Amino acid sequence: MGIKIYNTLTRKKEDFVTIEPHKVRMYVCGPTVYSNAHIGHAMSSLVFDIIKRYLEYRGYSVNHVMNFTDVDDKIINRANQQGVDPFELAEGYIKEFRRHLADLNILPATFNPRATQEMPQILEMIQGLIDKGYAYPKDGDVYFRVTRDEDYGKLSGRKLDEMQAGARIDVDDRKEHPMDFALWKAAKPDEPAWDTAWGRGRPGWHIECSAMNLAHLGEQIDIHGGGNDLIFPHHENEIAQSESFTGKPFSRYWVHNGMLTLSGEKMSKSIGNLVSIDEFLSKHSASTLRLMVLNSGYRSPLTFNDEVIGAAEKGLERLRSALKPALPGASNTSEDVKKSLDEQIKKTRDAFIENMDDDFNSAGALGNLFDLVRVINQARADGASDEILKPAQAVLNELCGVFGLILEKETGEDQSAAPFIDYLVELRTEMRKQKLFAFSDQIRDRLSSMGIVLEDSKDGTTWHRA
RNA sequence: GGCGACGUGGCCAAGUGGCAAGGCAAGGGUCUGCAAAACCCUCAUCAGGGGUUCAAAUCCCCUCGUCGCCUCCA
């Protein structure tokens, strides 16, 4: 049994077989950097981060390329509005996006190419497509000739004649066919531009990805990913360009994540229902968002609302509850407890892999983790010692790590208060012995308001940060 | 209008032919001076209708509903 991946191209789950054994070439479409990223972007990056981590867990080495589109109409428009240089604008948002990825505990890609730094490859590809008759220059633009590409539309399941009925296609007399799309756009004065044989201009949106794939991953790749809103026209056009240029099948597996939805609608700039990444992270942890993503299928829409956020936060706490140490004075090292933990460890790992192998069914795999949590907590409640609990807790940590979840409290916490808290707890224990409950409760309340939670048990008191 | 996806308990969500995972919420209980945590117990027949099958949430058909793409979009 190996990994199966749902392939948008065939609309089926297929066995995952890479071009080179144990190596994955993965390209994921990154953002156009012209404004603040929102949590929909975060979701997409999280999905492919989880996929990458899992592939690595399963022994693959993943060459992961994600681009930044740093020259485009929207960037130019935004820069003009703000009276700033388009390249500087883009640069700023690239830095910001990189910071977001780090904040979200998303592993950096192997390489992040940018359109503006890939011009030679882009120009070479356009020229090649012209030479082969797949493209034609017209008034400084260069268009891709869709009618020349026999299987144009195969990814999105569209046919050229059907699309014309849609009537939402811009009429442009310069194009031979309404669906022809720009590989190169002539620049207006004052716009960023590069000099070429067919005129001064800039690349169209789709060509950069084709060129970057070719330059950094090769003619054929294993996984091409992105949001499902990119299927048409972006990925359709990428396939058309790349396969027309190389004459070979482009990507083996096309993987698309569903959209994040707010009150039933896709989060998008045009609707304006945005929650920025910074805004979210100012109130919740990165792992909270990650748990939300994990808890549903990556291809399905992700419901985003306060109730779901709250459930994810509580779910995280539950995962963390299993990592707590044994009860004070616990000494149960019986074979029964040990055996039930050992069995659950094996069961959990097997089921986790089985679920994740099945098109990255993280929601199912997460359920397996919660099963392990229950058994660990049962053992602890039965008085199991740390020594007995430790192996199961290690497996929980290991598998949460595959998900990219951070269970330990964020690092960098000031530990200098610990001895004082310990002393207060000690004092309070003495008060409770003397039944001075008013005082002992006061200590607990005050500590609680400072974010320190006390938990009493019959064998002693422990504390942790909320 | 075209293409596609989806509709599972109060909420989120797995499961896609053989007695419906998991999380959150809710109720009851154990423990506790109280609280918190943890543990135990309870809580759905899968939008509606028809069909195929020994057997369907799971396959087929129809109806209703929701969403996405077809224009920039993760």
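In what follows, every chain begins at residue 1, and chains take the letters A, B, ... in the order their sequences are listed. Hydrogens, waters and symmetry mates are skipped; everything else that's a heavy atom, side chains included, is used. Since the model is a prediction, treat every value here as computed from it, not as a measurement.
Residue side chain A:F370 fails the stacking definition with respect to B:G23, as its ring centre and the base's six-membered ring centre are not both under 5.5 angstrom apart and under 30 degrees in plane angle.
In the set B:A74, B:G33, B:G22, B:A74 carries the atom at the smallest distance from any side-chain atom of A:L260. Among the nucleotides B:C69, B:A35, B:A36, the one closest to the side chain of A:D456 is B:A35.
The interatomic distance linking A:N237 (CG) with B:U71 (P) rounds to 11 Å, in whole Å. Atom P of nucleotide B:A35 and atom CZ of A:F439 are separated by 21 Å, given to the nearest angstrom. For the pair A:W254 CH2 and B:G4 C1', the interatomic distance rounds to 17 Å; values are reported in whole Å. Between A:L454 atom CG and B:C34 atom C1' there is a gap of 13 Å when expressed in whole angstrom units. B:G22 atom P lies 19 Å from atom CE of A:M356, rounded to whole Å. Between A:D229 atom CG and B:G68 atom P the separation is 11 Å, expressed in whole Å. If you measure from atom CG of A:L155 to atom P of B:C3, you get 17 Å, rounded to the nearest angstrom.
Evaluation of the ring-ring contact (aromatic ring centres under 6.0 Å, His included) test over residues 364-399 of chain A, restricted to residues two or more places apart or in two chains, returns none.
With hydrogens and angles ignored, a donor-acceptor pair closer than 3.5 Å exists between the side chain of A:R444 and the base of B:A35. Side chain A:D441 to base B:G33: a donor-acceptor pair is found below 3.5 Å. Donor-acceptor pairing under 3.5 Å, judged by distance alone, is absent between the side chain of A:R11 and the base of B:G4.
Listed in residue order, the members of residues 26-41 of chain A having a heavy atom less than 4.0 Å from RNA chain B are A:G30, A:P31, A:T32, A:H38, A:G40, A:H41.
Judged as a side chain to side chain donor-acceptor pair (under 3.5 Å), and not counting sequence neighbours, the contacts of A:N36 are A:E96. Remark: A:K154 pairs with A:D151, A:E243 by the side chain to side chain donor-acceptor pair (under 3.5 Å) rule, at least two apart or across chains. Judged as a side chain to side chain donor-acceptor pair (under 3.5 Å), and not counting sequence neighbours, the contacts of A:D70 are A:T116. Residues meeting the side-chain contact (heavy atoms from CB on, under 4.5 Å) test with A:A37, sequence neighbours left out: A:H41, A:F97, A:H100, A:I277. With sequence neighbours left out, the salt bridge (charged side-chain N to carboxylate O under 4.0 Å, His left out) criterion links A:E398 to A:R349. In this structure A:D180 satisfies the salt bridge (charged side-chain N to carboxylate O under 4.0 Å, His left out) test with no other residue, sequence neighbours excluded. Here A:E14 pairs with A:N7, A:T10 under the side chain to side chain donor-acceptor pair (under 3.5 Å) rule; sequence neighbours left out. With sequence neighbours left out, A:D386 forms a salt bridge (charged side-chain N to carboxylate O under 4.0 Å, His left out) with no residue at all.
Both the sub-6.0 Å distance and the 45° axial angle are not jointly satisfied by A:K13 relative to the ring of A:Y6. With A:F232 as the aromatic partner, A:R158 meets the cation-pi criteria of under 6.0 angstrom to the ring centre and within 45 degrees of the ring axis.
Contact of the A:R202 side chain with the A:E191 side chain is registered, since non-hydrogen atoms from C-beta on lie closer than 4.5 Å.
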Output one letter per nucleotide in nucleotides 8-15 of chain B: B when a protein non-hydrogen atom lies under 4.0 Å from the base, S when only the sugar-phosphate is that close, - when neither is.
--BSBSSS

One character per nucleotide, please: for nucleotides 39-47 of chain B, 5' to 3', B when the base has a protein heavy atom closer than 4.0 Å, S when only the sugar-phosphate does, - otherwise.
SS-------

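Pairing for B:A5 is with B:U66, a Watson-Crick or G-U wobble pair whose two hydrogen-bonding atom distances lie under 3.5 Å.
Phosphate proximity of B:C67 to A:K266: absent, as no side-chain N or O sits under 4.0 Å from OP1 or OP2.
Look at the P atom in both B:G28 and B:C19: the space between them is 34 Å, to the nearest Å. Rounded to whole Å, the separation between the P atoms of B:U58 and B:G7 comes to 11 Å.
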